[in-house]
Amino acid sequence: DVKVTQSSRYLVKRTGEKVFLECVQDMDHENMFWYRQDPGLGLRLIYFSYDVKMKEKGDIPEGYSVSREKKERFSLILESASTNQTSMYLCASSLFSNEQFFGPGTRLTVL
Amino acid sequence: AQSVSQHNHHVILSEAASLELGCNYSYGGTVNLFWYVQYPGQHLQLLLKYFSGDPLVKGIKGFEAEFIKSKFSFNLRKPSVQWSDTAEYFCAVKDTDKLIFGTGTRLQVFP
């Protein structure tokens, strides 16, 4: 079974802090994705990556950056957290263009 | 770019009732379509997918979906729901190497 793990289930940070969300997958998938999930808005793609050191902007990249130094790990970075970044963050991975496998999510609260 | 519409935002049913959740995508050609489910407190998981072939797709837990090309639709169905089907359901369409998600339908099933 594919396993996608995220470093924290719950996280509370203060406005202006730098926040790192980590995601690791164990199935040697090429593609990795970061989404945020908000009620009534569904899942919105923040960034994705096709390969190590490669990244592509999704639909809502503003205020976020990403890092993929190793194939299995994809990090989402909030350079200066703001209250409107309070959300559920979901990581996913896929083998080429096939179905995506999701992690459990990190619920981030920015105070 | 593709977009996905889920018109039912919140559906409430009694056990044993039949279910149909609507999903429409914006334009045709070759499409890959997915339904994902998120049970309370759990991660998103794939219910079923359509890539090609038989337009009636069977998924897990008794769910099925029908791809109707002329209507740009991929509606999810289950003949008899159970309390354990209470969850949020997301339709998604593949757009190049990304998935575009609908806003989700929250299903509540009462015993």
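Side chains are part of it too, since the values below use all heavy atoms of this structure and drop only hydrogens, waters and symmetry mates. Below, chains carry the letters A, B, ... as their sequence lines are ordered, and counting in each starts from 1. Just so we're clear, the structure is a prediction, and the values are computed from it rather than from any experiment.
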In this structure, NZ of Lys94(B) is separated from CD of Gln100(A) (nearest 0.5 Å) by 10.0 Å

Tell me whether Trp34(A) shares a hydrophobic cluster with Val19(A), the cluster being built from Ile, Leu, Val, Met, Phe, Trp, Tyr side chains joined at under 4.5 Å. yes

Quick one: are Leu43(A) and Leu44(B) in side-chain contact, heavy atoms under 4.5 Å? yes

Looking at side-chain heavy atoms only, is the closest gap between Gln37(A) and Gln38(B) below 4.5 Å? yes

If one checks every heavy atom of Glu88(B) against chain A at 4.5 Å, the contacting part turns out to be side chain

Does Leu90(A) belong to the same Ile/Leu/Val/Met/Phe/Trp/Tyr cluster as Phe34(B), with side-chain heavy atoms less than 4.5 Å apart forming each link? yes

Between the CG atom in Leu46(B) and the CZ atom in Phe101(A), the distance rounded to the nearest 0.5 Å is 7.5 Å

Reported CD-to-CG distance for the pair Glu99(A) and Asn32(B), which is rounded to 0.5 angstrom: 11.5 Å

State yes or no: do Leu47(B) and Leu56(B) share one hydrophobic cluster built from I, L, V, M, F, W and Y residues joined by side-chain heavy-atom distances below 4.5 Å, directly or via other members? no

If you group Ile, Leu, Val, Met, Phe, Trp and Tyr by side-chain heavy-atom gaps below 4.5 Å, do Phe51(B) and Ile100(B) land in one group? no

When you group the ILVMFWY residues by side-chain heavy-atom contacts below 4.5 Å and let the links chain together, are Leu19(B) and Phe67(B) in the same group? yes

Between Arg9(A) and chain B, which part of the residue has a heavy atom less than 4.5 Å away: side chain, backbone, both or neither? side chain

To the nearest 0.5 Å, what is the distance between OH on Tyr35(A) and CZ on Phe101(B)? 4.5 Å

Rounded to the nearest 0.5 Å, how far does CG of Leu45(A) lie from CG of Leu99(B)? 9.0 Å

